[in-house]
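Reading through the structure tokens given below for one structure.
Scope of the values below: all heavy atoms of this structure, side chains included, with no hydrogens, waters or symmetry mates.
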Amino acid sequence: MGQKQCKINKATQTRQIRTVTELDAAINFMGNVNGDNVVDISDVILVLRIALGLDTSNECADINGDGFVDISDVILTLRIIILPKNWTEE
């Protein structure tokens, strides 16, 4: 299963999400806030810092796509790590 890629269309400010294949190895994806191509605890900490206003925002930190980085995005980043195959399912 591929990861979700996050890109913001600068002209329309709309969020575009697509599945990433192995050929897209160097691009940012949802939860990969620090850009190292792995979603891990360092990304969770960075999303938490962004939510608390201690760090600048990143388009890959807004996991739920509501336009804000808050505690729900921190929880969703944790879910990506713990439940990588079905993190969006309730």
Pairwise salt bridge (Lys or Arg N to Asp or Glu O under 4.0 Å) hits with a residue in residues 44-53, at least two apart: Arg49-Asp55
Single-linkage hydrophobic cluster, 4.5 Å side-chain cutoff, Ile71 and Ile45 together: yes
Val47-Phe68 co-clustered via ILVMFWY side chain contacts under 4.5 Å: no
Atom pair OG1 (Thr77) and CE (Met30), whose distance is rounded to the nearest 0.5 Å: 8.0 Å
Worked check of side-chain contact (heavy atoms from CB on, under 4.5 Å) between Thr56 and Ile50: CA-CA 6 Å; Thr56 57; Ile50 293 168; over 6 Å; no
Separation of Leu76 CG from Leu83 CG (nearest 0.5 Å): 11.0 Å
Atom pair CG/CD1 of Asp43 and Ile80 - distance to nearest 0.5 Å: 8.5 Å
Separation between CG of Leu78 and CD1 of Ile82, rounded to the nearest 0.5 Å: 5.5 Å
Transitive ILVMFWY side-chain link Ile75 to Leu52, under 4.5 Å: yes
Val69 to Ser57 - nearest heavy-atom pair and separation: CG2-OG, 3.8 Å
Nearest heavy atoms of Val74 and Ala51, plus distance in Å: CG2-CB, 4.3 Å
From CG (Asp70) to CG (Leu48), nearest 0.5 Å: 11.0 Å
Test side-chain hydrogen bond (donor to acceptor under 3.5 Å, both in side chains) applied to Ser42 - qualifying residues, sequence neighbours left out: Asn34, Asp40
Whether Asn32 side chain and Val39 backbone form a donor-acceptor pair below 3.5 Å: no
